[in-house]
There are 2 protein chains.
Amino acid sequence: MPTYSDNGPDPSEQDTNLPPPEQHARQYAAVRDAHETELIEDYVELIGDLLDHAGEARATDIAARMGVRQATVARMIRRLNDQGLVTNEPYRSIFLTERGRAMAEESRKRHGVVLQFLRSLGVDDATARIDAEGMEHHVSETTLGIMHAFTRSQNKAGD
Amino acid sequence: MPTYSDNGPDPSEQDTNLPPPEQHARQYAAVRDAHETELIEDYVELIGDLLDHAGEARATDIAARMGVRQATVARMIRRLNDQGLVTNEPYRSIFLTERGRAMAEESRKRHGVVLQFLRSLGVDDATARIDAEGMEHHVSETTLGIMHAFTRSQNKAGD
DNA sequence: AAACTTTTTTAGCCAAGGCTAAACTGTGCA
DNA sequence: TGCACAGTTTAGCCTTGGCTAAAAAAGTTT
Ligand SMILES: [Mn+2]
Ligand SMILES: [Mn+2]
Ligand SMILES: [Mn+2]
Ligand SMILES: [Mn+2]
């Protein structure tokens with residue numbers, strides 16, 4: 001029977017106490033950082049998916065899948081171009097740069113790990129897809145590794 | 001050796017195929033919805049925590065823990081007041097309304113479930129806190145329930 | 001009591017990310 | 001060939017959530 005006496009703080013206390021202010025602030029700062037890159041990553045990932053599955057990435061399709069207006073997409077494409085993630089010429093389809101492809105691949109992989117993890121936890125597909133879309137940007141490398149390992153062990157057990 | 005022939009779509013295909021455009025759009029819409037309420041919830045939750053642990057919630061402390069400037073906090077407090085979540089008088093401490101208390105309690109609970117879940121997955125405390133701060137807003141009720149059940153079963157197994 | 005310090009508030013700047021409306025381009029069909 | 005329609009771009013509006021700077025109130029010290 002384990003005791004926690006000389007094993008760090010009492011775990012029941014760990015929940016009710018606030019972390020020190022600086023650590024607390026770093027938590028929120030990490031969330032703000034994630035939100036800065038989140039949309040960019042989703043656009044790049046989506047463009048990569050469209051290129052792979054539909055052969056080309058048109059603004060109309062991006063708008064339909066993002067659920068926003070074309071004007072919104074047009075401005076975002078300009079921003080992606082400014083950041084060196086896509087190449088595009090007026091009235092033509094959009095392509096990823098080398099950097100864009102790398103980001104798309106990264107995002108696709110991370111998104112997949114989170115989605116599979118939720119599925120192997122027992123979450124239904126539609127819900128898992130919704131939750132993964134938001135969660136993926138807030139999962140650290142550490143947690144991602146643990147999720148991946150968990151998924152693998154689950155799938156091994158159930159084959 | 002299992003076959004997937006009459007068992008729905010081939011699971012290996014489930015990852016590489018895009019969902020239909022309308023479903024895809026709903027995923028991103030859900031993320032946008034979550035982001036609309038996210039900050040509000042974090043403020044209300046933090047104010048509740050400060051009231052419980054420090055006895056009062058001062059703008060300075062909120063700013064320090066949020067990692068933002070006081071001017072930013074001041075404007076957010078006005079917004080919370082407009083939304084009927086807090087009461088505040090000039091140069092005095094901030095209090096939660098009935099609705100505010102309810103939201104704080106909700107958020108606190110949900111945050112706790114996600115944090116405990118990550119811990120029981122094996123994520124270290126500091127990382128779990130950072131990830132939970134962002135993930136909590138993107139976890140559906142369905143997934144939350146599954147996380148809670150998982151945590152309970154883990155803790156039962158390890159006592 | 002006066003002076004100084006801290007806290008709070010207000011005003012105004014900026015970028016991001018939604019929107020509508022209108023102009024422009026390109027394509028396909030009569 | 002010409003024209004209509006679909007797709008794209010641009011201009012300009014709005015809200016959110018950061019920021020700085022400066023004014024005003026409250027609290028503390030001498
Ligand atoms: Mn994604
Ligand atoms: Mn996403
Ligand atoms: Mn949070
Ligand atoms: Mn988020």
Side-chain angles (χ1 to χ4, degrees), chain A residues 21 24-47 50 54-83 85-95 133-134 137, chain B residues 21 24-47 50 54-83 85-95 133-134 137:
Chain A
H24 207 165
R26 274 194 297 275
Q27 285 176 209
Y28 294 117
V31 174
R32 287 193 296 268
D33 283 354
H35 284 168
E36 255 182 51
T37 50
E38 190 170 318
L39 235 205
I40 300 281
E41 288 170 359
D42 280 339
Y43 268 87
V44 168
E45 185 188 350
L46 174 57
I47 290 167
L50 286 172
E56 61 177 357
R58 318 275 312 189
T60 317
D61 301 330
I62 298 174
R65 297 200 106 90
M66 275 285 165
V68 298
R69 296 297 183 172
Q70 296 208 15
T72 302
V73 171
R75 200 187 25 186
M76 187 61 67
I77 298 302
R78 173 194 300 276
R79 187 138 72 234
L80 297 180
N81 190 313
D82 290 348
Q83 300 195 11
L85 293 166
V86 308
T87 61
N88 65 309
E89 284 168 76
Y91 298 95
R92 303 284 264 295
S93 181
I94 295 135
F95 297 95
E133 193 61 74
H137 309 278
Chain B
H24 207 165
R26 274 194 296 274
Q27 287 177 207
Y28 294 117
V31 174
R32 287 193 296 269
D33 283 354
H35 283 170
E36 255 182 49
T37 50
E38 193 172 314
L39 236 205
I40 300 281
E41 288 170 0
D42 280 339
Y43 267 86
V44 168
E45 185 187 351
L46 175 55
I47 289 167
L50 286 172
E56 61 176 358
R58 317 274 314 188
T60 317
D61 301 330
I62 298 174
R65 287 192 178 270
M66 275 286 166
V68 299
R69 296 297 182 171
Q70 295 209 15
T72 302
V73 170
R75 200 188 23 189
M76 188 60 66
I77 298 304
R78 173 194 301 275
R79 186 136 73 235
L80 297 180
N81 190 314
D82 290 349
Q83 300 196 10
L85 294 165
V86 307
T87 61
N88 66 309
E89 285 168 73
Y91 298 96
R92 303 284 266 290
S93 184
I94 296 134
F95 298 94
E133 193 62 72
H137 309 279

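Annotation for A25(B) and A64(A): closest pair CB-O, 3.4 Å, computed over non-hydrogen atoms. Smallest separation of non-hydrogen atoms from R69(A) and A63(A): C-CB, 4.2 Å. Of all the heavy atoms in R65(A) and Y28(B), the pair that sits closest is O-CD1, 3.2 Å.
Atom CZ of R92(A) and atom C1' of dG26(C) are 11 Å apart (whole Å). Following rounding to the nearest Å, M66(B) (CE) and dC19(D) (P) show an atom-to-atom distance of 12 Å. The nearest whole Å value for the distance from the OH atom in Y91(A) to the P atom in dT27(C) is 11 Å. What separates CD1 of I62(A) from C1' of dT9(D) is a distance of 14 Å, to the nearest Å. dT8(D) atom C1' lies 11 Å from atom CG of N88(A), rounded to whole Å. In this structure, I77(B) places its CD1 atom 13 Å from P of dG17(D), rounding to the nearest Å. Distance E56(B) CD to dT8(C) C1': 14 Å, rounded to the nearest Å.
For the pair D42(A)/E133(A), a side-chain contact is recorded, criterion being any heavy-atom separation below 4.5 Å from C-beta on. Residues H35(B) and E38(A) form a side-chain contact, since some pair of their non-hydrogen atoms from C-beta on lies under 4.5 Å apart.
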Per-nucleotide protein contact string for nucleotides 10-20 of chain C, where B marks a base within reach and S marks sugar-phosphate only (heavy atoms under 4.0 Å, - for neither): B-----SBBBB
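The structure places CG of L80(B) at 8.5 Å from CD1 of I94(B), a figure rounded to the nearest 0.5 Å.
OP1 and OP2 of dT6(C) both lie 4.0 Å or more from every side-chain N or O belonging to T60(B).
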